[in-house]
Protein chains: 2
Amino acid sequence: MIKAAETGNDRSVTQTVRAQLALRDLVLRGELNPGERVSELQMVERLGVSRTPVRMALVRLEEEGLLEAIPSGGFSVKTFSEKEVFEAIEIRGTLEGLAARLAAERGASRTDLRNAADCLDAIDEVMRRNPADIDLLRYVELNARFHNILIGMADSQALARQLERVNALPFASPSALVPVQSRSPEMNYILSVAQDQHHCVLMAIERREGARAEAIMREHARIAHRNLERALTNQRDMELVPGSVLIKRRIRA
Amino acid sequence: MIKAAETGNDRSVTQTVRAQLALRDLVLRGELNPGERVSELQMVERLGVSRTPVRMALVRLEEEGLLEAIPSGGFSVKTFSEKEVFEAIEIRGTLEGLAARLAAERGASRTDLRNAADCLDAIDEVMRRNPADIDLLRYVELNARFHNILIGMADSQALARQLERVNALPFASPSALVPVQSRSPEMNYILSVAQDQHHCVLMAIERREGARAEAIMREHARIAHRNLERALTNQRDMELVPGSVLIKRRIRA
DNA sequence: CGCTTCTATTATGTATACATGATGCTCCAT
DNA sequence: ATGGAGCATCATGTATACATAATAGAAGCG
């Protein structure tokens, strides 16, 4: 078995990064039982790197929020309650709202505005081309791109950093809960609403309407709340959410 | 020279933590030139621990935002523009606003409300006892406590984590810019306004007025903006701000 | 039969050695 | 004098050995 090909073992990537990516994957795929300790030595065996890069990866994943420090030492896989997931989404909405307000108040660059508009055009195209069977993968990609452009328009490193941290929780990122809709008859309806919010926030930013831009982005994130609610009532929907294995579900009727 | 006494070298604290604290101190006191690389080996000499804990500390301080990763490897002391400091304060205000709103909407516990009220009473006392020469140290301590109680009332681990990260930038934390006022004739006036906001936000939370609570905390953070503006125009005021050495000042008239 | 205690194992924290790549300096040539 | 090339030094990434603390399991005692 050639590990090199599998893990992308070229010289340009450090063992630490490789370990970090591999470990994140293990956590998100649920191959490391949530709540359980992550043994360094086991990871050494499993990832094929020595303890040092494994330790570095563990520390970084803790900062990322996917692991939790054990008081007596070491790390365990973090678990999230439904409440925490909701809150993470609310935080994202709040920070994206701030980004939109700053962008509006300060004024976005012409190129940013054009890129955003192009991105929205592309989403419109996706939704128009084949309404009965929307290319969700492309939608997700374009959606993520739009959100990133928006963050860029705020022109604030500090804010971008904070949002990076929120989005590190995979189920909190802008596109995480979109696929949940794929099984819903309302999908097109909800996507239309979301896309309208995209258009509206961009318009608000162009017109320097900070308060409006902020309010829209906050409400926009709450679509994710609705999708989460749906996923929580349906296991099959839940499986479409990345990192869902980390969410400990409440018992539901 | 007994290092043990100086650095608190007892067994209950790991070398990593010790290195982290010592390094943070070095950075904040400006003993490591902003922008320059932080050499591991030099830190090994300077802190008296081996490379491993130094490395761990470096990684953690990077996540904290005080260091910056150098593309070719290693870390450098981060510098902040005035704009970034303003933005960090704005982010804190936004998140504290979210905390206040959540506290109001969800309802705070009786004990939290009492603790908050007691804290405000204590601040009132500080300001009443000796208006001509306010005990700023105590004010700062009580102020920090109130803000922490408020964050606790939101009852959100995720939000608390995010705020921890913002406050890790020493000049962005709630009490960082308070001492700047000490040289100002308006100090008492500004402190009164701030304290009134404290009272108002607590009232709003008690009455479940989420939007008001949020708006107040946002505006409350902007007092720090004003203080920062003052500090930026006066080098002697600036020296009172922790971590101010990391802020690269614009030339001013 | 349950609880405590002791022990053995394994975990992490730490130090250090080694290899490779980056950085800066000197010396040479133009 | 200035620019570039080569070299030496240093810095980091990585692996590993060692020590100590935590943990689990077994055995013995009540």
Side-chain angles (χ1 to χ4, degrees), chain A residues 3-4 6-24 26-27 31-64 66-78, chain B residues 3-4 6-24 26-27 31-64 66-78:
Chain A
K3 268 266 172 89
E6 264 178 73
T7 56
N9 194 348
D10 56 68
R11 291 311 186 81
S12 65
V13 177
T14 63
Q15 299 286 70
T16 299
V17 170
R18 195 161 24 247
Q20 192 176 346
L21 293 176
L23 248 167
R24 178 158 42 210
L26 287 180
V27 171
E31 304 202 18
L32 299 169
N33 294 346
E36 269 187 19
R37 158 174 252 135
V38 182
S39 162
E40 288 180 11
L41 290 177
Q42 273 176 251
M43 291 309 113
V44 166
E45 275 188 64
R46 202 151 173 181
L47 306 182
V49 299
S50 81
R51 269 188 69 203
T52 306
V54 167
R55 281 180 73 75
M56 298 289 273
L58 287 171
V59 170
R60 297 202 117 103
L61 287 179
E62 187 222 347
E63 302 285 347
E64 225 171 78
L66 260 44
L67 300 181
E68 206 167 16
I70 299 174
S72 66
F75 302 91
S76 62
V77 180
K78 192 158 175 181
Chain B
K3 268 266 173 88
E6 264 179 73
T7 56
N9 193 349
D10 55 68
R11 292 309 188 81
S12 65
V13 176
T14 63
Q15 300 286 70
T16 299
V17 171
R18 195 162 22 249
Q20 193 176 345
L21 293 176
L23 247 168
R24 177 159 42 211
L26 287 180
V27 171
E31 304 203 17
L32 268 40
N33 293 347
E36 270 188 18
R37 157 174 253 137
V38 182
S39 162
E40 288 180 12
L41 289 177
Q42 274 177 249
M43 292 308 114
V44 165
E45 273 188 66
R46 201 151 175 181
L47 306 182
V49 299
S50 81
R51 270 188 69 202
T52 306
V54 167
R55 279 179 75 74
M56 299 289 272
L58 287 172
V59 170
R60 298 201 117 103
L61 287 178
E62 187 222 346
E63 302 285 347
E64 225 171 78
L66 260 44
L67 300 181
E68 208 167 18
I70 300 173
S72 66
F75 302 92
S76 62
V77 179
K78 192 160 174 180

Do B/Leu23 and B/Leu32 come within less than 4.5 Å of each other through their side chains, counting heavy atoms only?
-> yes

Would you mind reading off the distance between A/Met43 atom CE and D/dA15 atom P, rounded to a whole angstrom?
-> 16 Å

Does some side-chain heavy atom of B/Met43 sit less than 4.5 Å from a side-chain heavy atom of B/Leu58?
-> no

Roughly, in whole Å, what's the span from CD in A/Glu36 to P in C/dT10?
-> 17 Å

Is the distance from OP1 or OP2 of D/dT14 to the nearest side-chain N or O of A/Thr52 less than 4.0 Å?
-> no

Closest heavy-atom contact between A/Glu40 and A/Val54?
-> O-CG1, 4.1 Å

Anything under 3.5 Å between a protein N or O and an N or O of nucleotides 10-13 of chain D, put it in a table, one pair a line.
residue : atom : partner : partner atom : Å
D/dT12  : OP1  : B/Val38 : O            : 3.3
D/dT12  : OP2  : B/Glu40 : N            : 3.1
D/dG13  : OP2  : B/Arg55 : NH1          : 2.8
D/dG13  : OP2  : B/Arg55 : NH2          : 2.7
D/dG13  : N7   : B/Arg51 : NH2          : 3.0
D/dG13  : O6   : B/Arg51 : NH1          : 2.8

Would you call A/Arg37 and A/Glu68 a salt bridge, using N to O less than 4.0 angstrom?
-> no

Run the side-chain donor-acceptor check on residues 69-78 of chain B: report pairs under 3.5 Å with partners two or more places apart or on a different chain.
none

